Amino acid sequence: MPVARAMMISHVREAIEDWEPRAKVINISFEGDALEPGKLVPVVEVEISAGE
């Protein structure tokens, strides 16, 4: 699970940087799903700048 979390953090951060340059990733955490053990649900906190 720790490897999957690290990979997902990397992919999420990269996608945000590629697709939304105004967003700065502040934090990425995960919520679990009791009905689906092992499922990672990312919770992404971002800060949006005024734009370019």
Side-chain angles (χ1 to χ4, degrees):
M1 196 64 106
V3 173
R5 285 178 191 247
M7 289 176 64
M8 186 174 276
I9 287 171
S10 175
H11 289 293
V12 167
R13 189 177 298 273
E14 185 176 312
I16 290 171
E17 289 172 0
D18 288 347
W19 293 100
E20 186 48 85
R22 297 174 298 165
K24 175 183 174 190
V25 177
I26 303 299
N27 187 42
I28 300 175
S29 59
F30 296 91
E31 293 182 348
D33 187 337
L35 298 176
E36 296 185 55
K39 180 178 180 179
L40 292 176
V41 179
V43 177
V44 183
E45 182 182 348
V46 297
E47 181 178 286
I48 305 295
S49 65
E52 298 174 18

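This one's a predicted model, so the numbers in the text were calculated from it and none came from an experiment. Counting begins at 1 with the first residue of the sequence.
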- Taking every non-hydrogen atom, the tightest pair across V46 and V25: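 For V46 versus V25, the nearest heavy atoms are CG1-CA, 4.2 Å.
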Side chain to side chain contact (heavy atoms under 4.5 Å, CB included) partners of [X], counting only residues at least two apart:
{"X": "I9", "answer": "R13, I28, F30"}
{"X": "S10", "answer": "none"}
{"X": "D18", "answer": "E14"}
{"X": "A4", "answer": "L40"}

- Query: Would you say I26 and I48 are hydrophobically clustered, going by side-chain heavy atoms of ILVMFWY under 4.5 Å?
  - Reply: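 Different hydrophobic clusters.
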- Can you name the side chain to side chain donor-acceptor pair (under 3.5 Å) partners of E17, sequence neighbours left out?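 Side chain to side chain donor-acceptor pair (under 3.5 Å) check on E17 returns nothing, list empty.
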- Any pair counted as salt bridge (Lys or Arg N to Asp or Glu O under 4.0 Å), so long as it reaches residues 23-36, sequence neighbours left out: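 Pairs touching residues 23-36 that pass the test: E36-K39.
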